[in-house]
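Just so it is clear: chains get the letters A, B, ... in the order the sequence lines come, proteins before strands, and each one is counted from 1.
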Number of protein chains: 2
Amino acid sequence: MGVKTAKTVKTLETRKEQIHQAACRLFHQQGFHGTSVRDIAQEVGILGGSLYTHIVSKDDLLWEIVNAVADRFVDRIQEIAASDLGVMQKLRAAVIAHVEEITRDIDAAAVFAIEWRHLSPRRRKAFTARRNDYEAIFRGMVDQAMRERFIASNDPSSAALFILSALNWVFTWYRHDGRMTPTEVGRMLADFIFDGLKRRTA
Amino acid sequence: MGVKTAKTVKTLETRKEQIHQAACRLFHQQGFHGTSVRDIAQEVGILGGSLYTHIVSKDDLLWEIVNAVADRFVDRIQEIAASDLGVMQKLRAAVIAHVEEITRDIDAAAVFAIEWRHLSPRRRKAFTARRNDYEAIFRGMVDQAMRERFIASNDPSSAALFILSALNWVFTWYRHDGRMTPTEVGRMLADFIFDGLKRRTA
DNA sequence: CCTACCGATCGGTAGG
DNA sequence: CCTACCGATCGGTAGG
């Protein structure tokens, strides 16, 4: 037994990570309530009851998944907000980061976007609060861009909702075997959002 | 008993309509697999087994709901496509119509957007085909607008996905007690999509 | 539309 | 991590 004891790259994952990955895939494909703990266990090669050595409850598993995604979103935008970029560059960077995070793991992104509704009421509330914080940072950037007269509208809430809407649906159509990288898609969407589709006649 | 025999406006609905409405609400709030046929039955004041006088199966109920929504989307865009409007006016009208249909019944729109995944495999395929047809009409308009040089990009697929993304997320945040009507939201989003958020410096 | 029921499966646990 | 099990609930049906 030397230093490289891993049989394959796959088995470097801990069982916990395997369970998270399997749960993401199944929650995305079949929905939270359409996935049984036995489905998840089977995917990692154990029986249903044995899952409970690794998880507290099915609800707790969902909670860990959506929180891991939320952590990444919040980290990315806080770093951008704290940078010394101009406000329009910050907004562009935030759009690209959002697309990068959504496409990093489509299954996890889908669970984050859709299945969080099925958290227990207490946790659903906590999740909504975190997402509101994230969106508030976004809205703050939009507001500043309006005050600095880069953005035309005077309704930062609606403009922020427009941006986030355009981004949040990406998980339904992005394909990793397509012709664009996540960053390229992010840049393209940033162009569409800030410059619009219409040809500038100037 | 005169002409106006209805006890309340509510009881004018047929039992079938009551069931559809209750199912939409519950499928949206709890998800398809998180809603039992007994939940739906309780909402209309009968027992679980009695539902089956009105529906064939739970899957069939979901199918009827998503198809009713699909019918409305397709009707609206076909009427616009067949009109004699200019291509940019058609696109604007299609954006507004899409928002109007999504906000007409938020519960139904959510089931249409999200819960269709839980249809039986055969019906899921049929649903995807219908949605692809709808999106193809949208994409055709975008393509024509590019050929007529109204739209700058030369990638109609990506531009159409951008538009539909911006619209399809609206069901998560539109509130009927908010300050804008569906048509106003549609017009605003059309402005954002085609003109962009950035102030035109011309 | 209800009563009464079907077999299957659910999330989760005890004890090893 | 498995064996064996818990009470609860699932979608759906027969017979009235």
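Separating the CG atom of A:Leu51 from the P atom of D:dC1 is a distance of 9 Å, rounded to the nearest angstrom. Spacing between atom CG of A:Asp59 and atom C1' of C:dG11 amounts to 12 Å, rounded to whole angstrom units. Taking atom CG of A:Leu47 as the reference point, atom P of C:dA14 lies 18 Å away to the nearest angstrom. The NE2 atom of B:His54 sits 16 Å away from the P atom of D:dG12 (whole-angstrom rounding). One can place CD1 of B:Ile46 at 17 Å from C1' of C:dA4, the figure rounded to the nearest angstrom. The interatomic distance linking A:Leu26 (CG) with C:dG11 (P) rounds to 12 Å, in whole Å.
Using a 4.0 Å heavy-atom cutoff across all strands shown, B:Gly49 reaches at least one base atom of the nucleic acid.
Put simply, the side chain of B:Asn168 never gets that close to the backbone of B:Ser165: no donor and acceptor are under 3.5 Å apart. Checked by atom type and distance alone, the side chain of B:Thr128 pairs as donor or acceptor with a backbone atom of B:Arg124 at under 3.5 Å.
Proximity of A:Thr53 to the phosphate of D:dC1: no side-chain N or O atom is located under 4.0 Å from OP1 or OP2. Close to C:dT13, at under 4.0 Å from its OP1 or OP2, lies no side-chain N or O of A:Tyr52.
Note on ring orientation: taking the six-membered ring where Trp is involved, the planes of B:His98 and B:Tyr134 are tilted (angle from 30° to 60°).
A cation-pi contact, defined as under 6.0 Å to the ring centre and within 45° of the axis, is absent between A:Lys198 and B:Phe150.
Legend: residues meeting ring pair (Phe, Tyr, Trp, His ring centres under 6.0 Å) with B:His118, ordered by chain and number and at least two apart, are B:His33. In terms of the ring pair (Phe, Tyr, Trp, His ring centres under 6.0 Å) criterion, A:Trp63 has no residue partners (sequence neighbours excluded).
Using Watson-Crick or G-U wobble geometry with both donor-acceptor distances under 3.5 Å, D:dA4 finds its partner in C:dT13.
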Might you list the N or O atoms of the protein lying below 3.5 Å from N or O atoms in nucleotides 8-10 of chain D, with each pair's distance?
unit_1 : atom_1 : unit_2  : atom_2 : d
D:dC10 : OP1    : B:Ser36 : OG     : 3.4

